[in-house]
Amino acid sequence: MAKPIRNTPILYGKDAKQFLAEIEQLPSEEERKKERARIDASVERLKKMILLLKKK
């Protein structure tokens, strides 16, 4: 049987401030979508190269 999941801790003081500062530095949704599209395109190119190598 699976282990029980512990409750998420509540952050206070310095830890809370650090967490909020890190959240503010995250890339925007638009930047994340562009990066994801770039990664997906790279994966597709890699798959095509692998298929070409298998045919040889």
Side-chain angles (χ1 to χ4, degrees):
M1 192 164 201
K3 291 183 179 181
I5 298 172
R6 291 185 279 159
N7 290 336
T8 302
I10 298 174
L11 300 176
Y12 297 99
K14 180 179 73 173
D15 292 330
K17 288 178 184 178
Q18 181 181 1
F19 176 77
L20 292 174
E22 289 175 5
I23 294 265
E24 289 176 3
Q25 294 177 359
L26 292 175
S28 68
E29 185 174 349
E30 182 179 314
E31 290 172 340
R32 291 192 311 264
K33 285 182 180 180
K34 284 181 184 178
E35 179 67 9
R36 184 65 195 190
R38 185 189 68 77
I39 292 169
D40 288 343
S42 294
V43 168
E44 289 304 316
R45 283 195 312 268
L46 180 61
K47 286 180 182 179
K48 287 179 184 178
M49 289 187 331
I50 291 170
L51 286 174
L52 287 173
L53 289 173
K54 282 186 176 182
K55 289 181 181 180
K56 290 184 179 182

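Lys34 is listed as a side-chain neighbour of Glu30, based on a closest heavy-atom distance under 4.5 Å. At a threshold of 4.5 Å between non-hydrogen side-chain atoms, the residues Lys54 and Ile50 count as touching. Side-chain contact between Glu35 and Arg38 is present, with at least one heavy-atom pair separated by less than 4.5 Å.
With respect to Lys48 and Glu44, no salt bridge is recorded, no charged nitrogen being found less than 4.0 Å from a carboxylate O.
Expressed to the nearest 0.5 Å, how far CG of Leu20 lies from NZ of Lys17 amounts to 10.0 Å. Summarising the geometry, atom CD belonging to Glu24 is positioned 11.0 Å from atom CZ belonging to Phe19; distances are rounded to the nearest 0.5 Å. Once rounded to the nearest 0.5 Å, the distance linking CZ of Arg32 with CG of Leu26 reads 7.0 Å.
In Ile10, the CD1 atom is not crowded: 12 or fewer heavy atoms of neighbouring residues, nucleotides or ligands sit closer than 6.0 Å.
One hydrophobic cluster, built from ILVMFWY side chains closer than 4.5 Å, holds both Ile23 and Leu11.
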